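Only a predicted model underlies this, so the values are computations on that prediction, with no experimental measurement involved.
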Amino acid sequence: DHLCPERVLLSRPVLQATLGEHHGVLLTQGGQVYSFGELLWRDLSIPVSAPLLEVSLLGKLVVHVAAGGFHCGALTEQGNIYMWGENTAGQCGLTDLVSEPCLISVVDSEAIPPAAVRIVDLACGREHSLALSSQNELWAWGSGCQLGLVTNAFPVLKPQKVEHLAGRHVIQVACGAYHSLALVRSLPPQNYNTQKCPEKKERGQSPHFSVTGKEDMFAVDEAHYCPLGVELKDTLTREVSIIIKENLTNQIMDMAYILVVQILSTARPLHSFCNPGNERIEEFSAMWIHTQNLVLCLHPKTLSPTLYLQLYLRSYSNSGVFGPYSSSSPVCLEEVRLRLEAEKKELQWQKSSSLTNINQKAKTAANRRRSLPGTPTHGSPRRQRHCACRPSSAGGTQTAAHEEAGDGLPSLETEVWSWGRGSEGQLGHGDQLARLQPLCIKSLTGEEVIKVSAGSHHSLALSAQCQVYSWGSNMCGQLGHGSSPVTVPQQAKLSDGLRVWDVSAGQSHSLLLADGDCVQPILLYCGQCQESIPPNPSCLSVCSGGQRCAVLADQNVMGFISTIHELASKERHFYCWLSSIRKLLLNPLRNKGGSTTCVLSFCWSTLKSLFLFVYLFIFLSSECLGSQQITLAQLCASDQSVSGDVDLVSLMYWPLQQLHQYSRVLLKLAACYDVLTVEYQYLHQTANQYESVYLSLLRRKKEAESTFLFWKTHSGKIAEVLRLPHRRIVCESSNRSLTLQKAGRFSHHWFILFNDALVHTQFSSHHVYPLTCLWVKPVTEDSNALYAIKITCPEETFTMVASTPQEKNKWLRSLNQAVDQVLGGGGQGSSPGVAVMSRAASYTFTGDGRFKDAHYHGSWLGGRVHGRGTMKWPDGRTYKGNFKNGQEDGYGECIIPNKVLNKPDSYQGNWKDGKIHGFGKYKYANGEVYEGCYYEGQRHGYGMLSSGKRIRASSSVFIGQWLQDKRTGYGVYDDITRGEKYMGLWLDDQRQGSAVVVTQYGVYFEGTFKENKMSGSGLLLSDDDTYFHGEFSDDWTINGKGVLSLVNGDCIDGQFSGEWSAGLKVVGTYTKPAINEPENKERSRLKLGQYVVPADQRWGCVFNECWSRLGCDTAGRGERTKAWENIAVTITTARRHSPGLSRSQSKVLECLEFIPQHEESVTTANYDNIRRYLIKACETPLHPLGWLVETLVTVYRMTYIGVGSNRRLLSQAVQEVLAYLTHFNSIVRFLFPGLPEDGGIIPDPPISPSTSRCVANSLEQGVVVFSSSSLLLPLLLPQLYPPLFTLYCLQQEQEEAQYWERILQLNKQPDQSLLSFLGVQEVCSTVKSVMLKTVSLLLFQIVSSSKDACFISAVETLQQISTTFTPSDKLLVIQKTFEELTQEVKPMLDDDFLWCMDDLLPLFIYVVIRARIRNLGAEVSLIEDLMDPNIQHGEMGLMFTTLKACYIQIQHESTI
């Protein structure tokens, strides 16, 4: 009725408009809904200029509206649907006429429990409605086959899921009069092949087709369905079977053809077929991806004040509303039967596919079947999907551009599905048959459809290439091509240069919104119309319905809308150009195959920039395209800068202009804002970034052109060698502007600076200096006026002399910029003479020296390897670690191959000046392992050498001191093969000096060695205590004067000769003591240890290494401050190179990094801090003190474990522990000089007046006496305890056996008998009456109890003595035992009662007996030997004496 546009102005901006048959609905900002037109359900006629507000929807926050033939729908932000209007076919989801919007519930009954479905899109037809859920599933209600439901009971009043699309990702829906369209994301190709046909199907499901490689390519299940999606009765089963059998061959051919077409027409990025899996595609391939880059790079705040940015999004995603529809009646089952019979007859006549365009069968007889039925599953299967886009406030519907693909870009792999009536071919399957269930229109697969629109009897599809496909009725020319109807999609005929970005289909017309040569959108109309509609320069979207059209427009405020249109138009134009490149160039190259495809794949895998790709296309231009200038000219038609003949090189440079367009448009957008706003700042910054990228690529283009000209000008063998694809020329000295210092008069030097190397050529020879390992330094001008530049390389240094100061500055700047750029910098900010001194680079040495032919990768400093790096030699040697001044220095790992044994040697440890120096671990190819100290490449100092194939398990081990790669000094050699252990002195790898030897058979020898043999006086003891004291001449060979003492006391004195194990020849005097004569005086004077190495001289190499790690040359001589600094550096370095540390370990190292207060005098306030620091340090092997403790434990266990577990070594083991404490104490005193001497009192901190009262009370508690054993023994003894206590047990073995026998016998007696036997009653009779009462009460408790409950707490406390390690801890256990004993009887005694030791001894003996402590004699001996001398005569000393007396008493006690 309206031939000219009529403007609708409301108080709020209109976000969406939709039209029905004779009415329309508007959605405004804020979610308000207005209606206009013929509202038949209300008997109202509302003019367009004054729409009616839907009051019942106020407050519902509507985000989308839809208009059907005579009903309406609204969608809220919460995903709820409101319907109103005509409801004769149930299209409103209710039973009666709906005059006001009513809520329609969509419930998924298959879920447990049933759950409400959130809707994100809504479309309405004449008698049906469709809804799209947030799970991308389709729901339908109303009447007719256009619902896509498996039912014949209409109307459907409750929304039901379209099961045929279950498992598919539906993007958008559109409703025609009696047909429906759906835009669906394509499944991955493998999904078609992996679908399996079930053996049985329930009635009510759609057919399932399976396309596999080996099985049948066409299968029909047991249910009765036809390929049209129509449920059949039993009477039709036979007819359908005949059709299928007759056309089985054609079906297979059709499907195979469709699969081939799909593969060849699938739009993929270039790298997907050039080099699959290649991730090194940078500049060029990025231009062929989906062009949403600007939207991704813009900040969300950029255009937040307006809604205009949605225009850009709608360039690919806006969807119109769905128009009016025909008035024909629904298709019934009988009509389907008749049409099926007609199809059958036609198939029998033509033997061809029925799904071609029936209006063009004569011309397109070769066309194959283009649609396949879907593959539904029962219910709604679980599948991975992206969340549906939330409807915007503008009411935009869900389209292909809104759906995010896996890479974060919109998915263009889409399909169009259709169903319903097809009398006019509006379904697009090549026929005029109806479809009860959705079928895919295969001809649109791969066309990147982003939107669909349905009219009454025709359909439209919009692709990402701005092309429109139309099909169906063409009575009024609404399809845009010809006047005859079309049953398969065909491309609409548009003028050149038009790019459509929005479509809408009405009853008999179509409305298109497109870009042209100008930046403003162009409105296109095709169909029944008396007068053309003038364009609106600010159109945002279009919609059609009935005979009406609507355009959503906005005001162009400050040129903002026009700039947005320009931006979107440029993007669409660019994407269309990219698609043309793919279609006209890339796809033909891919399909050509042969050598071209190989070259394309190879070159693509090595490309690193857009301009390298240009050289590839130079080859392709000559090999593949030849003289196809017309195609190239078409692609470059929009580039005005290209003139004359066009080649691929100039074509591939065209995308650079797009970056410049981005910058220009963003600046225009920024001009629409105030300078001080955030939007202006961000837009301006983004524009500058685009311009910077554009200028950078333009500069690289110029470099490529200059390089091409250089290679073209300078040809020859040198040029052929130097020519590389990524190499660019910077400058060169062919004009003799640069020469070598002190060059000959007739010499010719040519310097060429590339972007990756400096080349020096002289006559026919040349040398290449990589810029990564080149250092540039300007030489100060001297009196000779030389403008020189010094070049430093890893193996060479030379000076270049320029002819003028300007030439010098030019080369200096070019060199610095080139070096900076190759190292990762921008290459623009470098000043003359400034170069990166420290860098990381790779280099292969060529000159003579240690690094000849070695390849290095790591850090450099001023032309020398410096820092961490890896050096690899051609012979297999590898070093990985720290370097300093061109040599290995610091920690490093080295592998040295051994060609003889075919196994490598390996070393891990410290280096200095290119040699192994410091502590490290060396694994030899023969199985030996050395772990210890080195000095200038030789084993020197402390070290442990394990030999043998199975290291440490059965090999011989030496641990001790080394000197110049030989064993010299004290060491322990464990010869496991012979079962002997040597503990003594060495000289030049030979046993020389005092030593002790023990064997696995219990033989003990101490004496002197000379040249690996026993020589001189010595003492030999056998396991049965027989010993010989005399002269030796060889291992276990006696030769000379001596005395042999037997176990029974007999003695032989004389000359001996022979081996101890084989027999002795004796010439001497045999002495037998008398019966009443006391024990032999010689045996009583026997004392072990007179030939052994003193304990304080044994492990000096270990303590020397600790002093060395502290920075001291000798013990106690060094700077204390330097020692603490070395400790901090060691801990910090260890943290840096140990990434796998736990949180607790990192926390401990962090605490140890801080240097404690060590200069001040020690008081009771900071003494605990020192003690805690020492505990942490000794528990951390990375700390020098921790390494010392760990090493001492190692050497101690190596000495006294295994063969060394000989009871005669006990005294040496104890003396060795005391020697450890002495040396350890000297180190601790060096670090903390404020510690007092042993026995000294640790003073209290200075007293302030405010704390004098508190301190006065604390003085009554006593003073703190310092003792090195109490401070250091707890750090050492717990780890030395196992071997030491074992020796004590072996020494006390006989006494322990006697003691334990008495313990077992005495514990058989009850408490009363045991107390009587121990004489407790006699003791009680001597004390006063209170004590008698106490003992009587105790005895009464004992007698009345059936269990041993007397002094149980004291017994349990004493048993804890076996769980402690240090004498101080054991003494504390004894003290607590006495306290428990006293506490048990204290309530029954007077307060002034004091125990007498004579009275307490029987009770304590009772406690010891009941405690049943094994090896109590060893415990007593250990405490006595290592107890702090300061407490021997105190209270604890007295208690210990009591325990010792109890042990002796029990040992000699007679049985009851």
Taking the six-membered ring for Trp and the single ring otherwise, decide whether the centroids of Tyr930 and Tyr922 are under 6.0 Å apart.
-> no
Hey, do the aromatic rings of His917 and Tyr935 have their centres closer than 6.0 Å?
-> yes
Evaluate the side-chain proximity of [Y] to [X]: yes if any heavy-atom separation is below 4.5 Å, no if none is.
{"X": "Phe1056", "Y": "Lys1065", "result": "no"}
{"X": "Gln1212", "Y": "Val996", "result": "yes"}
{"X": "Ser1362", "Y": "Ile1413", "result": "yes"}
{"X": "Trp911", "Y": "Cys894", "result": "yes"}
{"X": "Leu1044", "Y": "Asp1050", "result": "no"}
{"X": "Tyr1027", "Y": "Ser1022", "result": "no"}
{"X": "Leu1273", "Y": "Val1217", "result": "yes"}
{"X": "Tyr970", "Y": "Arg1098", "result": "yes"}

Straight-line distance of [X] [atom1] to [Y] [atom2], nearest 0.5 Å:
{"X": "Asn1307", "Y": "Arg1410", "atom1": "CG", "atom2": "CZ", "value": "5.0 Å"}
{"X": "Asn1415", "Y": "Leu1422", "atom1": "CG", "atom2": "CG", "value": "11.5 Å"}
{"X": "Cys1178", "Y": "His1183", "atom1": "SG", "atom2": "NE2", "value": "8.0 Å"}

Answer yes or no: is there an ion pair linking [X] with [Y], defined by an N-O contact shorter than 4.0 Å?
{"X": "Arg1208", "Y": "Asp1025", "result": "yes"}
{"X": "Asp1034", "Y": "Lys1010", "result": "no"}
{"X": "Asp989", "Y": "Lys966", "result": "no"}

Restricting to non-hydrogen atoms, name the atom on [X] and the atom on [Y] that form the minimum distance, rounded to 0.1 Å.
{"X": "Thr1026", "Y": "Ser1045", "value": "CG2-O, 3.4 Å"}
{"X": "Val1195", "Y": "Leu1192", "value": "CG2-O, 3.1 Å"}
{"X": "Thr999", "Y": "Val1203", "value": "C-CG1, 3.5 Å"}
{"X": "Arg1229", "Y": "Asp1238", "value": "NH2-N, 3.6 Å"}
{"X": "Leu1426", "Y": "Val1214", "value": "CD2-CG1, 4.1 Å"}
{"X": "Val1047", "Y": "Asp1024", "value": "CG2-O, 2.7 Å"}

Only residue of Trp1107, Phe1103, Phe919 satisfying ring pair (Phe, Tyr, Trp, His ring centres under 6.0 Å) with Trp1187 is Phe919
Polar contact flag, side-chain donor to acceptor under 3.5 angstrom, [X]-[Y]:
{"X": "Glu1006", "Y": "Tyr1004", "value": "yes"}
{"X": "Trp1036", "Y": "Glu980", "value": "yes"}
{"X": "Thr1366", "Y": "Asp1369", "value": "yes"}
{"X": "Glu1031", "Y": "Ser1017", "value": "yes"}
{"X": "Tyr982", "Y": "Asp974", "value": "no"}
{"X": "Ser1421", "Y": "Gln1291", "value": "no"}
{"X": "Trp1099", "Y": "Glu1216", "value": "yes"}

Can you check salt bridge (Lys or Arg N to Asp or Glu O under 4.0 Å) on Arg991 and Asp1035, steps first, answer last?
-> CA-CA 12 Å; Arg991 295 178 287 184; Asp1035 289 348; 3.6 Å; yes
Within a reach of under 6.0 Å around [atom1] of [X], are more than 12 heavy atoms found that belong to other residues, nucleotides or ligands?
{"X": "Tyr1070", "atom1": "OH", "value": "yes"}
{"X": "Asn902", "atom1": "CG", "value": "no"}
{"X": "Glu1293", "atom1": "CD", "value": "no"}
{"X": "Phe1285", "atom1": "CZ", "value": "yes"}

Short side-chain to backbone donor-acceptor contact, [X] and [Y], under 3.5 Å:
{"X": "Lys1013", "Y": "Phe1032", "value": "no"}
{"X": "Ser1108", "Y": "Asn1104", "value": "no"}
{"X": "Ser994", "Y": "Thr1008", "value": "no"}
{"X": "Asn898", "Y": "Leu901", "value": "yes"}
{"X": "Lys1370", "Y": "Thr1364", "value": "yes"}
{"X": "Asn1225", "Y": "Leu1221", "value": "no"}
{"X": "Thr1037", "Y": "Ser1033", "value": "no"}
{"X": "Ser1270", "Y": "Phe1266", "value": "no"}
{"X": "Asp965", "Y": "His940", "value": "no"}
{"X": "Glu1296", "Y": "Ala1418", "value": "yes"}

Arg1414 to Tyr1299 six-membered ring, cation-pi geometry met (6.0 Å, 45°) = no
Should Val1189 and Gln1279 be marked as a side chain to side chain contact (heavy atoms under 4.5 Å, CB included) after you check the CA-CA gap, both sets of side-chain angles, and the distance that decides it?
-> CA-CA 9 Å; Val1189 172; Gln1279 301 182 64; 3.5 Å; yes
Evaluate the ring planes of Trp986 and Phe958, with Trp represented by its six-membered ring, and classify them as parallel (under 30°), tilted (30 to 60°) or perpendicular (over 60°).
-> perpendicular
May I ask you to decide if the ring planes of His1029 and Tyr1091 are parallel, tilted or perpendicular, using 30° and 60° as cut-offs?
-> perpendicular
Evaluate side chain to side chain contact (heavy atoms under 4.5 Å, CB included) for Met983 paired with Val998, printing each intermediate quantity in order.
-> CA-CA 9 Å; Met983 297 171 284; Val998 291; 4.1 Å; yes
Are Lys899 and Asp905 close enough, and set up right, to give a salt bridge (Lys or Arg N to Asp or Glu O under 4.0 Å), and what steps lead you there?
-> CA-CA 10 Å; Lys899 297 181 180 180; Asp905 296 347; over 6 Å; no
Are Leu1416 and Ile1303 close enough, and set up right, to give a side chain to side chain contact (heavy atoms under 4.5 Å, CB included), and what steps lead you there?
-> CA-CA 11 Å; Leu1416 181 60; Ile1303 287 292; over 6 Å; no
Test log, rule ring-ring contact (aromatic ring centres under 6.0 Å, His included), inputs Phe1028 and Phe1005 | CA-CA 9 Å; Phe1028 171 81; Phe1005 168 81; 9.9 Å; no
Test side chain to side chain contact (heavy atoms under 4.5 Å, CB included) applied to Glu1295 and Gln1451, step by step | CA-CA 7 Å; Glu1295 293 81 355; Gln1451 184 180 356; 3.3 Å; yes
Residue pairs passing the side chain to side chain donor-acceptor pair (under 3.5 Å) test with at least one member in residues 1052-1064, sequence neighbours excluded, are none
